[in-house]
Protein chains: 2
Amino acid sequence: MNRPRGRPARGQGLTAEAILDAALALLDEGGEAALSMRALATRLGVTPMSLYHHVADRAALLAALSERIYGGVLDGAPDDAPAEPALRALLLRYYDAVGRHPALTLAIFAEPAAFAGATLRITAQLEALLAGLTPQFAPWRDILVDHAHGSGLALSAARDAAQAKDLRRRHEEALDLLLGQLRATGKHG
Amino acid sequence: MNRPRGRPARGQGLTAEAILDAALALLDEGGEAALSMRALATRLGVTPMSLYHHVADRAALLAALSERIYGGVLDGAPDDAPAEPALRALLLRYYDAVGRHPALTLAIFAEPAAFAGATLRITAQLEALLAGLTPQFAPWRDILVDHAHGSGLALSAARDAAQAKDLRRRHEEALDLLLGQLRATGKHG
DNA sequence: ACCTGAACACCGTTCAAGT
DNA sequence: ACCTGAACACCGTTCAAGT
């Protein structure tokens, strides 16, 4: 394509924000394979190399997306709420984040470098809440996180919105089953 | 490279077996990114195109690997054993398969076509065993499978064999915690 | 500072040709 | 039947050059 080279005349050039928006859209639409630096550049109407002025490389792009999506999971959580409803709400927000962006989640699983920021903070918050409910917080932390992951990823196989809603309802029931067990264990364990 | 072209003189040419062995080794050593058709061909001392006479494409290769690894999980399970120990043994064999080949597991997650054979049979067997233990088999099936996945994948972050062993012990404890809850639920639920 | 084209070392897969 | 080289349409990333 014959695009003018050099810096564009006006100030509205490429931004990290716009790159992340487009990258997330590619990921959501076509899975990890669809998110290539070249496809991303094409979608933004730019050459692939322009991207490297705003993100270090593809791994950093995934890490930034992880921060954007999973960072939001911890926002808006009142810290004066009782532990159990707070735990339940946090887990459902996490499940929803996984379910909305399964390809991102899978990509992060394979990219240990992206497993640094928001996901660790979520785990820490989870542990803090669990510590107030049961002495055995480590196994419960794993069980609950794994369940959110697996159940959220399964959401991507839903045929339509109705089935997705049904899956979410069943996830919520299973979560309540687990939280009921946790409550029983916490009391006499 | 100057390799003789055409069919090799003796009968010991490339086999699907040898391709799967090498593919699994690449996957285990370097993750999904390391398993390219070209790297696989190089490791086997062959041109990339030779592979296509034995496997349809990369997706079929992953599906065949899935069948090899997860097919073994169901083998050697006596069907006259009581449901609970049979369930426990099946889940631990599944966990071990995931833990031994995390990259394969992750690759299959992203490749819906590979989610056909052995994994579905494992789920079916799990459901059959659970049906004898609790009326609520669907949520427990999800909880137990998700836990095996998550915990097995976490195994790949272990620094050494000692830590891996410790993680496995903790997984087993968490599994027994869940099975204890399941037993309690089954009785009065 | 930010964008460009050209280049390098890769991919998966198809095709026509060898034996 | 099974292997080959050449080709096509892709990758991520680096570099030197433009404005």
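Here is how names work: the chains are called A, B, and so on, in the same order as the sequence lines, proteins then strands, and each is numbered from 1.
- Relative orientation of the A:His171 and A:Tyr95 rings is parallel, given thresholds of 30° and 60° on the angle between their planes.
- Comment: A:Glu32 engages A:Arg58 in a salt bridge, judged by a side-chain N to carboxylate O separation of less than 4.0 angstrom.
- Salt-bridge check for B:Arg88 with B:Glu172: passed, with a basic side-chain N closer than 4.0 Å to an acidic carboxylate O.
- OP1 or OP2 of D:dT4 has at least one side-chain nitrogen or oxygen of B:Thr47 nearer than 4.0 Å.
- Sorted by residue number, the members of residues 48-63 of chain B with any non-hydrogen atom under 4.0 Å from DNA chain D read B:Met49, B:Ser50, B:His53, B:His54.
- Going from atom CZ of B:Arg38 over to atom P of C:dC10 covers 10 Å, rounded to whole Å.
- Partners of A:Ala64 according to the side-chain contact (heavy atoms from CB on, under 4.5 Å) rule, which considers only residues two or more places apart in sequence or in another chain, are A:Leu20.
- The distance between atom CG of B:Leu35 and atom C1' of C:dG12, rounded to the nearest whole Å, is 12 Å.
- Checked against the 6.0 Å centroid threshold, A:Tyr70 and A:Tyr94 count as a close aromatic pair.
- Going from atom CE of A:Met37 over to atom C1' of C:dC11 covers 16 Å, rounded to whole Å.
- For the C1' atoms, the distance from D:dC2 to C:dA16 is 15 Å, rounded to whole Å.
- Between A:Arg170 and A:Asp166 there is a salt bridge, since at least one side-chain N of the basic residue sits less than 4.0 Å from a carboxylate O of the acidic one.
- Distance, A:Leu40 CG to D:dC10 C1': 16 Å, rounded to whole Å.
- Spacing between atom CD1 of A:Ile19 and atom P of C:dC2 amounts to 11 Å, rounded to whole angstrom units.
- Between B:Glu32 atom CD and D:dC11 atom P the separation is 16 Å, expressed in whole Å.
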Item to check | A:Ser66 and A:Glu111: CA distance, side-chain angles, deciding distance, side chain to side chain donor-acceptor pair (under 3.5 Å) verdict | outcome: CA-CA 11 Å; A:Ser66 168; A:Glu111 190 77 59; over 6 Å; no
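- Salt bridge absent: B:Asp75 and B:Arg93 never bring a charged side-chain N and a carboxylate O closer than 4.0 Å.
- Contact annotation: the side chain of A:Arg68 never approaches that of A:His101 to less than 4.5 Å [non-hydrogen atoms, C-beta and beyond].
- Pairs of Watson-Crick or G-U wobble type, with distances under 3.5 Å, assemble into runs of 3 or more in DNA chain C at these ranges: C:4-8 with D:12-16, C:12-16 with D:4-8.
- Whole-Å rounding puts the A:Arg43 CZ to D:dC11 P distance at 14 Å.
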